[in-house]
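Since the structure is predicted, the reported quantities are computational estimates derived from the model, not experimental observations. Start at 1 and go down the list; that is how both ligands and their atoms are numbered. One-based numbering along the sequence shown.
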Amino acid sequence: MNPPADEPANGRAELRVDGPRLWRRIVELGEIGAIIGADGAHGCSRLALTDADRDGRDLVVGWMHDLGLVVAVDAIGNVIATRPGTDPTAPTVMTGSHIDTVVSGGRFDGNLGVLAGLEVVETLEQHGVQTAHPISVAFFTDEEGARFAPDMLGSLVFAGGLPLEEALDIVAVDDAARLGDELDRIGYLGALPCPTASAPHAYVELHIEQGPILEEEGITIGVVEGVQGISWTEVSIAGRSAHAGTTPLRLRRDAAYVAAEITTFVRRLAIEIGGSQVATVGRLDLRPDLVNVVAGSATLTVDLRNTDDAELGRAEAALSAEIDRLAGAEGVIATTRSLARYAPVDFDPSTVDLVEATARRLGHSTRRISSGAGHDAQMLARICPAAMIFTPSVAGLSHNIAEHTHPADVTAGADVLLQTLLSLAG
Ligand code: GLV
Ligand code: MN
Ligand code: MN
């Protein structure tokens, strides 16, 4: 049983993080792979297992050592830093997230959760607070899935959802590099066995909302009840390249046309299904990619998400039927490959309640919310009680260099994380 949030043990209820110290780390980590927009927006580009990811990892691992944590790297490159507890038999209470970003990402997505975890540890150190359970701060490999699909890859392997050898053999979408080779190249092919042999006592992750709801409603803390289902499909279309001026429409096998039809179809499909259904074509590659040549081939990705797994299945079936119909009508060959498929996840009700009660005790406005984005917490939920804390995203923007969360909200989220972890760690 978790201690009730309004009766914390040992009078530790007044402990608060040092917000400016956490902010300084966010800014410093954000310098690695920094992208500065024309309007002064400060984003980040640290695709998984690139040199920039390695540099970010090295900086965070340095901070982990500075805090006296026991740092371990596992066989998929997840980094787990642990502050021992007073009970040598107690399983760890884990927090964390990821520090890889999409190629045009922000400084907060993932990074906030990891650095807030370090801030919690530093606060405990500074005030000499011991916990019965150890507290671990982890960052998981390739959460974004932007370079190596699927997303949440490191935490998926950690939780036993994908065999390690299979994961190490995944190749990158951009340069066909093998994941295991890239891990080795950047020095993060670790010795700790993965999947983990010791499930955490609990896992709580702080993350930015990445959507508009909290800001629009003026709420400081989102109490995350679960994560919607995710389906990623890569569609490859083989048509025939031809002269753009001389080839009559009736003789074309136009891969670009079929790709464009799929793109507009998924938008109409999302509108028709309604509810939480969203649909995105985020990657579209045409070959030979020339102004006066009918495209001979196209590769595109379709990202479908829904909180209801049956509705998500309906969207997948409709997409598949439409691809077949379009391919037949245009005389192209379309093949599909699943890149990721995750069912919706519900977080542990008592840990969710604890987050909510803790946020309210600290005087913050709260709202129950479902996550539109995927998170490492949904993988940890397979092996231990898990929950998440959301902070507002300015203008609901994320996966955009203008991604921002106000310092006061960062501090509020980290305080809720601190007090929730204290309740769990005893
Ligand atoms: C992963 O972070 C996703 O939601 O795409
Ligand atoms: Mn994230
Ligand atoms: Mn992301």
Inset, instruction - Measure the shortest side-chain to side-chain distance between Val224 and Ile389 over non-hydrogen atoms and say whether it is less than 4.5 angstrom. - result: no

Legend entry - His375 ring center within less than 6.0 Å of Phe390 ring center: yes

Inset, instruction - May I ask you to check whether His207 brings an N, O or S atom to under 2.8 Å from the Mn ion (ligand 2)? - result: yes

Legend entry - Opening angle between OD1 in Asp109 and NE2 in His98, taken at the Mn ion (ligand 2), to 10 degrees: 90°

Inset, instruction - Could you pull out the atom name of the N/O/S atom in His399 that is nearest the Mn ion (ligand 3)? - result: NE2

Legend entry - Those atoms of ligand 1 less than 4.0 Å from some heavy atom in Ala373: 4 (O)

Inset, instruction - Please tell me if the side chains of Asn78 and Val73 come closer than 4.5 Å, counting only heavy atoms from C-beta onward. - result: no

Inset, instruction - Would you mind checking if Arg185 and Asp51 are paired as a salt bridge, meaning a charged N to carboxylate O distance below 4.0 Å? - result: yes

Inset, instruction - Would you mind checking which non-hydrogen protein atom is closest to atom 5 (O) of ligand 1, with the distance to 0.1 Å? - result: Arg305 NH2, 2.8 Å

Inset, instruction - Within a distance under 4.0 Å of any heavy atom of Asp151, pick out the atoms of ligand 1 and give their elements. - result: 1 (C), 3 (C), 5 (O)

Inset, instruction - Specify which N/O/S atom of Glu144 comes nearest to the Mn ion (ligand 3), by atom name. - result: OE2

Legend entry - Heavy-atom closest pair, residues Leu153 and Ala167: CD2-CB, 4.3 Å

Inset, instruction - Can you pull out the closest protein heavy atom to atom 2 (O) of ligand 1? Residue, atom name and distance to 0.1 Å, please. - result: Glu143 OE2, 3.0 Å

Inset, instruction - Output yes when the distance from some N or O of ligand 1 to some N or O of Gly374 is under 3.5 Å, and no in every other case. - result: yes

Inset, instruction - State plainly whether the residues Arg360 and Glu356 are in salt-bridge range, i.e. N to O under 4.0 Å. - result: yes

Inset, instruction - Please find out if less than 6.0 Å separates the ring center of Phe139 from that of Trp63. - result: no

